[in-house]
> 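Shown below is the structure under consideration.
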There are 4 protein chains.
Amino acid sequence: MTEQLAVAVLGANGRMGAEAVKAVEAAADLKLVAALGRNDSLDTLVDAGARVVVDLTVPESTEANVRFAVEHGMHAVVGTTGWDAERLGRLQELLTGRSGVGVLIAPNFALGSVLASAFAARASRYFESVEIIELHHPDKVDAPSGTAVRTAQLISAERDAAGRPASPDATTSERPGARGCDVDGVRVHSVRLRGLVAHQEVLLGGPGEQLTIRHDSFDRVSFMPGVLLGVRNIASHPGLTVGLDGYLDLGL
Amino acid sequence: MTEQLAVAVLGANGRMGAEAVKAVEAAADLKLVAALGRNDSLDTLVDAGARVVVDLTVPESTEANVRFAVEHGMHAVVGTTGWDAERLGRLQELLTGRSGVGVLIAPNFALGSVLASAFAARASRYFESVEIIELHHPDKVDAPSGTAVRTAQLISAERDAAGRPASPDATTSERPGARGCDVDGVRVHSVRLRGLVAHQEVLLGGPGEQLTIRHDSFDRVSFMPGVLLGVRNIASHPGLTVGLDGYLDLGL
Amino acid sequence: MTEQLAVAVLGANGRMGAEAVKAVEAAADLKLVAALGRNDSLDTLVDAGARVVVDLTVPESTEANVRFAVEHGMHAVVGTTGWDAERLGRLQELLTGRSGVGVLIAPNFALGSVLASAFAARASRYFESVEIIELHHPDKVDAPSGTAVRTAQLISAERDAAGRPASPDATTSERPGARGCDVDGVRVHSVRLRGLVAHQEVLLGGPGEQLTIRHDSFDRVSFMPGVLLGVRNIASHPGLTVGLDGYLDLGL
Amino acid sequence: MTEQLAVAVLGANGRMGAEAVKAVEAAADLKLVAALGRNDSLDTLVDAGARVVVDLTVPESTEANVRFAVEHGMHAVVGTTGWDAERLGRLQELLTGRSGVGVLIAPNFALGSVLASAFAARASRYFESVEIIELHHPDKVDAPSGTAVRTAQLISAERDAAGRPASPDATTSERPGARGCDVDGVRVHSVRLRGLVAHQEVLLGGPGEQLTIRHDSFDRVSFMPGVLLGVRNIASHPGLTVGLDGYLDLGL
């Protein structure tokens, strides 16, 4: 048997962190060497010999955590939000000269969601029309979802690059809101329904045909295959990578 | 063999009328005795011995056509739009005392669409959340579609009758239009996509479950089974009937 | 405030029973007066003054539990399987002469699933074609699901009653199994996919149109609204009722 | 304005050919210089100065047509079936030494369908489960469809290359056919429904998530964007290309 990779989880008492602890423990090729909560010392990571640190904490502490890991030669897989341009700049600087260390910061670890957005954006070059429907539980406070906004932006950029005009729309009489909101020229519709979790559908249409790419996220356990993919491949992706796409062989 | 029922089609050169001519000709139990265009005389209907007149003309002529039919003791199946309350009132008056004559005026002859709306409205009594997505070709000028507005009104009435509160919605931050438009308390989203014809989805959600009722209309031929259902059953529905529902054994 | 209805849950330590305990406790109009596990005495029900007993136990004990409830004048809402014709016959006999007591035995308490099957069966009268796709997690051992078989049987009975011939099918060259299995003349397809829970789609097709009725069950909590509907309405449904349909105002 | 590209259509009286004639005529950058039926002489192509020949004829004549085009230095875009390995071999030989001439032979010109199959195959590397549902009108004689078989084979090859085991399936009790047919280890289900044209859905599932890639073909006009893409780009794809994928920037 090959040696197990030593993994530490930060934020181990949170909902995502707890799932990550279970996922690492269940993986035969990984070994959980530390599972830290908010009051635990980062020095534990050194003592435990962690090679990869999974950060699933809060925006307030993620930067310090990642900095500690990098400074101690550990790779970091980060699912925490709050990484703006300024923080990313500081991290990039820190990584300069530490050529063997990798950091993966991903706003979304659901493989299916990442694939769906990438496929939809690429396909949008070839279709006259494209719209997005996202569907979530009714306790969500923002509409549209961040994923839908990012998908629309990706689509918009691809269509601009391909010289595609806007989707056709002859609407002259509209009840306010019927046609959704406009995100960079792409219409987005937000459904809120009890029973749902997080779902997104990109509809692409051309003469006589439709292509639909839908992703359903039923449970946060869906993020774990993406986290493990990051953990297993980070050693071969030194430097900073933003977005799980860089770890997928999409070839797009 | 039983005797064939004598049927006349008005507006036979229009797109819907042409389909109706074909559908009547193809039905073994029906006999096409007249197919009239805009300049043909209605007297032909009498000479031809029509028992049922199918009116698929234009708002300007439909009232005169139906009046002629009723006055000559013929039943009328009407798919033409433009029947407002005033016209319906005059027709009702005309029918008084002509107890054997039936008139069916239906804004929508697609059986599946009528069934979908009826089922969705009834089901909405039992679910916490309900929203409507309608999808059409991008040359449509109004949003939402008339069918979606009627479906939302039916749903709203059923929920009021059952004492159901509005669907929950925690949205506090919305890009304008993301949550669709509000029709009598029901959110409606309108998608416009090249390649589509006319489609509608009602989504109903409760804790841990979803019920989806979807109707796709791919071609105007979809209206013909409803027209034939009207033709075959109108003799047993004397007086004025508005909406195909009255001819369906929904039991709702 | 109106008086609360006294409810007892049997099988309170099972997965469904635990959900029922939570659901009853959360309902303002209900009062949980007993929650019994397998070793608890049924006499507790009498002492606690239960008016409705919810049985979510095992096939081995459900008959004795219901018998006890009926003999003590309590209504019973039963979600346990194993009620064959013989057991139902004995129960029917027991209920004779106890005119005020109601028993509801339902194989499926998901409102959406019950509605979907009823709507699909009724709609199948009006469409040329009908097929069923059911989709479940890959740990399920039987294919198709019991719900799909029951839905196919309901559809088959409605179509027979309406004089509908079998769905058209010109297939002459088939890889074994491609066209699904045949349940009383209705084709059923079983998908097994990691990530899914329990889902069913009935597809109805006619010239130029399609009607789709889909139910998704994401979580066993979806059974609770149906259980509570039974609990709240059982007093007005004396005698034996099999199937939640009898408590829904479908009018079908 | 740039010069128009001279295009000829063979099989111009067939259903696909007639659509191609309309599509070429409607494209500002293309000029229809010949539209030949079965009894017209191929010499007309030379006189008309055709640069690209679109062959939408029958298996019996397609090889001679393409040979004629290549020998006269014209590119050929071919949608006719019947190109087996032997024919492709002869064509490959003919093209040797004629380095400027391109031939594109595509079994499927629907962009959406080609994209859907390519995306589904690539995504199948990352999911535990994958199944295919294809849905067609009930006059189709074979099940599953050729497109579904090809998609399953692509998926199977990708999963083999990625070391993915078969999709999990605990079924021990099956009505014959319920679980569909097995194409290279991928389950395929064939639905036949009046009103449908040609539709395919690939379902991919992992823990807590699902990715669905669906293509709907409503009308043969859907093949025209693919034909035009071939016509416009063939000059930069010399030699033999099989499959429209080679002309799409999928990067897969």
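To find a chain, count down the sequence lines: A is the first, B the second, and so on, and within it residues start at 1. Side chains are part of it too, since the values below use all heavy atoms of this structure and drop only hydrogens, waters and symmetry mates.
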> Show your working on side chain to side chain contact (heavy atoms under 4.5 Å, CB included) between Val77(A) and Phe109(A) and close with a plain yes or no.
CA-CA 10 Å; Val77(A) 171; Phe109(A) 272 106; 3.6 Å; yes
> Quick check on the structure: residues of residues 213-222 of chain A within a heavy-atom distance below 4.5 Å of chain D, by number.
Ile213(A), Arg214(A), His215(A), Asp216(A), Ser217(A), Phe218(A), Asp219(A), Val221(A), Ser222(A)
> Given 3.5 Å as the limit, does a donor-acceptor pair link the side chain of Asp142(A) with the main chain of Ser145(A), or not?
no
> Stepwise, does the side chain to side chain contact (heavy atoms under 4.5 Å, CB included) test hold for Leu154(A) with Glu158(A)?
CA-CA 6 Å; Leu154(A) 282 173; Glu158(A) 283 263 6; 5.8 Å; no
> Enumerate by number any residue of residues 188-210 of chain D whose heavy atoms lie under 4.5 Å from heavy atoms of chain A; in the absence of such residues, state 'none'.
Pro207(D), Gly208(D), Glu209(D), Gln210(D)
> Is there a donor-acceptor contact under 3.5 Å from the side chain of Arg159(D) to the main chain of Pro165(D)?
yes
> Are Val186(A) and Thr151(A) close enough, and set up right, to give a side chain to side chain contact (heavy atoms under 4.5 Å, CB included), and what steps lead you there?
CA-CA 10 Å; Val186(A) 178; Thr151(A) 306; over 6 Å; no
> Please answer whether the main-chain N or O of Thr57(A) pairs with a side-chain N or O of Thr80(A) as donor and acceptor at a distance below 3.5 Å.
yes
> Kindly say whether Arg125(D) contributes a backbone atom to a donor-acceptor pair with the side chain of Arg164(D) at under 3.5 angstrom?
yes
> Taking the side chain from Ser117(A) and the backbone from Val114(A), do they hold a donor-acceptor pair closer than 3.5 Å?
no
> Between Arg179(D) and Arg187(D), is there a donor-acceptor pair closer than 3.5 Å when you use the side chain of the first and the backbone of the second?
no
> I'd like to know if the side chain of Thr241(A) reaches the main chain of Leu104(A), judged simply by a donor and an acceptor atom lying under 3.5 Å from each other, with no hydrogens or angles considered.
no
> Under 4.5 Å from any heavy atom of chain A, what part of Phe223(D) do you find: side chain, backbone, both or neither?
neither
